[in-house]
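Here the structure comes first, spelled out in structure tokens, and everything after it is commentary.
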Amino acid sequence: MILNTDRKTIDDYSIQWTQYTDNSGYYGSVSLLQDIFGPLLPAEFLKGKTVCDIGSGTGRVVNMMLDAGARHVIAIEPSDAFYVLMRNTELRKDRVSLIHGVGETLPSRGDIDLVVSFGVLDHIINPLPTVRAAYKALKPGGEMLVWIYGYEGNRLYLSLFLPIRYITSRLPHSLLAMMCRILCVAADFYGVACRILPLPMRSYFLKHFMKLAHDKRVLTIYDQLKPAYAKYYRNEEAISLLAEAGFVNVRAYHRHGYSWTVIGEKAL
């Protein structure tokens with residue numbers, strides 16, 4: 001069942017991902033994919049594998065994994081971005097299966113090597129049905145890897161931006177996009193200052209944000225301010241997200257001190 005807030009989030013992403021459709025540069029690179037995987041999984045693992053991406057948006061992660069050598073990718077997207085996803089994977093359609101639906105509609109295939117979901121589960125009020133669907137779709141010994149917002153390392157950020165998001169999540173796209181372009185100027189100055197001073201979120205700015213092209217930095221800010229719902233996970237909550245669905249050997253990596261990459265295995 002899709003809750004009202006989840007439906008609004010899907011509708012918001014229908015707007016976002018039909019306006020911001022380009023995935024070029026570092027933003028869509030295997031280098032960034034490996035940065036998200038961190039020490040938990042080498043990108044080379046994908047070679048020859050059947051994988052699934054839950055919440056594919058415009059196909060950025062789908063193409064990242066194909067570039068890394070995945071044999072076939074199942075891509076799931078519930079919003080109108082599905083049609084952008086179709087266009088952005090058209091040249092590789094023989095290696096991509098598309099599902100226009102929510103993550104919990106993933107068929108229980110039992111033959112998938114890896115399921116990933118980046119920046120999606122933290123926008124679902126109850127992500128457990130989606131994680132359970134991923135578990136059923138994996139083959140024994142298969143893995144699920146998710147990237148989610150972290151609470152640790154973000155307390156100052158949350159104290160400033162959560163009140164702002166209450167307003168920005170209700171703004172029309174054109175007004176919010178203009179606001180994000182202005183905020184990006186301030187963020188760029190902050191990023192430059194991080195090269196000199198040990199400021200909060202320094203690692204994130206130097207190792208991720210400032211490596212993005214300008215339009216992708218604007219998109220990153222938009223992505224923070226638009227969602228109707230976002231959960232910032234504590235370490236134990238990040239582990240429980242997979243463990244409660246039956247995954248074993250669950251490990252978490254505190255990526256750049258502001259988010260969690262979490263991986264777990266389906267028991268043999």
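Index from 1, following the sequence.
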Check: K266 side chain, Y135 main-chain N or O, donor-acceptor pair, under 3.5 Å: yes
Distance (rounded to the nearest 0.5 Å) between L160 CG and N154 CG: 11.0 Å
Aromatic contact, Y149 with Y233 (centres under 6.0 Å): no
same_hphob_cluster(Y253, L206) at 4.5 Å side-chain heavy-atom cutoff: no
Nearest non-hydrogen partners of A75 and V96, listed with the distance: CB-CG1, 4.4 Å
Non-hydrogen side-chain atoms of E237 and K231 separated by less than 4.5 Å: yes
Side chains of V62 and R92 in contact at under 4.5 Å (non-hydrogen atoms): no
Spacing of CE belonging to M201 relative to NZ belonging to K207, to within rounding of 0.5 Å: 13.5 Å
Nearest-0.5 Å distance, CD1 of residue I124 to OG1 of residue T130: 4.0 Å
In one Ile/Leu/Val/Met/Phe/Trp/Tyr side-chain cluster, 4.5 Å: L66, Y26: yes
Audit row: T89, L85, side chain to side chain contact (heavy atoms under 4.5 Å, CB included) steps and yes/no: CA-CA 6 Å; T89 58; L85 169 65; 4.0 Å; yes
Same apolar cluster (I L V M F W Y, side chains within < 4.5 Å links), M65/M144: no
Six-ring centre of Y83, R87 cation under 6.0 angstrom, axis tolerance 45°: no
Worked verdict on R60 versus L32 for side chain to side chain contact (heavy atoms under 4.5 Å, CB included): CA-CA 11 Å; R60 176 174 70 121; L32 178 52; 3.4 Å; yes
Heavy-atom pair of closest approach, residues L225 and C180: CD1-SG, 4.2 Å
Minimum side-chain heavy-atom gap F205-L199 below 4.5 Å: no
Backbone N/O of G38 and side chain of Q34: donor-acceptor pair under 3.5 Å: yes
Side-chain heavy-atom pair L183, V185 within 4.5 angstrom cut-off: no
K49 to F45 six-membered ring, cation-pi geometry met (6.0 Å, 45°): yes
Criterion side chain to side chain donor-acceptor pair (under 3.5 Å) on T261 and R255, from CA distance to verdict: CA-CA 7 Å; T261 301; R255 178 175 175 247; 5.3 Å; no
Ring-ring centroid check Y13 H123, cutoff 6.0 Å: yes
Working for salt bridge (charged side-chain N to carboxylate O under 4.0 Å, His left out), residues E244 and R132: CA-CA 9 Å; E244 288 181 15; R132 284 176 172 159; over 6 Å; no
Aromatic ring proximity H173/Y222, centre distance under 6.0 Å: yes
Under 3.5 Å: donor-acceptor pair, side chain of H100, backbone of S79: yes
Heavy-atom neighbours of L158 CG exceed 12 at 6.0 Å: yes
N/O donor-acceptor pair under 3.5 Å between T50 side chain and H72 backbone: no
E265 with R251: basic N within carboxylate O range, under 4.0 Å: yes
Single hit among Y157, Y258, Y190 for ring-ring contact (aromatic ring centres under 6.0 Å, His included) with Y204: Y258
R234 vs E152, side chain to side chain contact (heavy atoms under 4.5 Å, CB included): CA-CA, chis, key distance, verdict: CA-CA 6 Å; R234 290 175 168 84; E152 294 89 343; 3.6 Å; yes
Short side-chain donor-acceptor distance under 3.5 Å, Q16 and D223: yes
From OH (Y229) to CG (D12), nearest 0.5 Å: 15.0 Å
Which atom of M86 lies closest to which atom of L98, heavy atoms considered: CG-CD1, 3.4 Å
Under 3.5 Å donor-acceptor, R181 side chain and V218 backbone: no
same_hphob_cluster(I164, L171) at 4.5 Å side-chain heavy-atom cutoff: yes
Residue pair I221 / C184: nearest heavy atoms and the distance that separates them: CD1-CA, 3.5 Å
Main-chain N/O of I54 paired to S117 side chain as donor or acceptor, under 3.5 Å: yes
Any side-chain heavy-atom pair of F37 and L33 under 4.5 Å: yes
Close side-chain approach of V73 and R95, heavy atoms under 4.5 Å: no
Check: L212 main-chain N/O paired with R217 side-chain donor or acceptor under 3.5 Å: yes
Between N88 and T21: side-chain donor-acceptor atoms closer than 3.5 Å: no
T220 (side chain) donor-acceptor with K216 (main chain) under 3.5 angstrom: yes
Heavy-atom side-chain proximity of L114 to L41 below 4.5 angstrom: yes
Close side-chain approach of T168 to K226, heavy-atom, < 4.5 Å: no
Check: E77 side chain, S56 main-chain N or O, donor-acceptor pair, under 3.5 Å: yes
Side chain to side chain contact (heavy atoms under 4.5 Å, CB included) between I99 and I74, worked out: CA-CA 7 Å; I99 299 174; I74 300 109; 3.8 Å; yes
Distance, nearest 0.5 Å, that separates OG1 of T9 from CZ of R7: 10.0 Å
Single-linkage hydrophobic cluster, 4.5 Å side-chain cutoff, F118 and V51 together: yes
Nearest heavy atoms of D188 and H214, plus distance in Å: OD2-ND1, 3.9 Å
Approximate separation, where rounding is to 0.5 Å, of L106 CG and C52 SG: 4.5 Å
Donor-acceptor contact below 3.5 Å, side chain R202 vs main chain C194: yes
Audit row: E44, K47, salt bridge (charged side-chain N to carboxylate O under 4.0 Å, His left out) steps and yes/no: CA-CA 6 Å; E44 290 78 11; K47 292 181 179 178; 5.8 Å; no
Non-hydrogen atoms of V102 and T105 that approach each other most closely: O-OG1, 2.5 Å
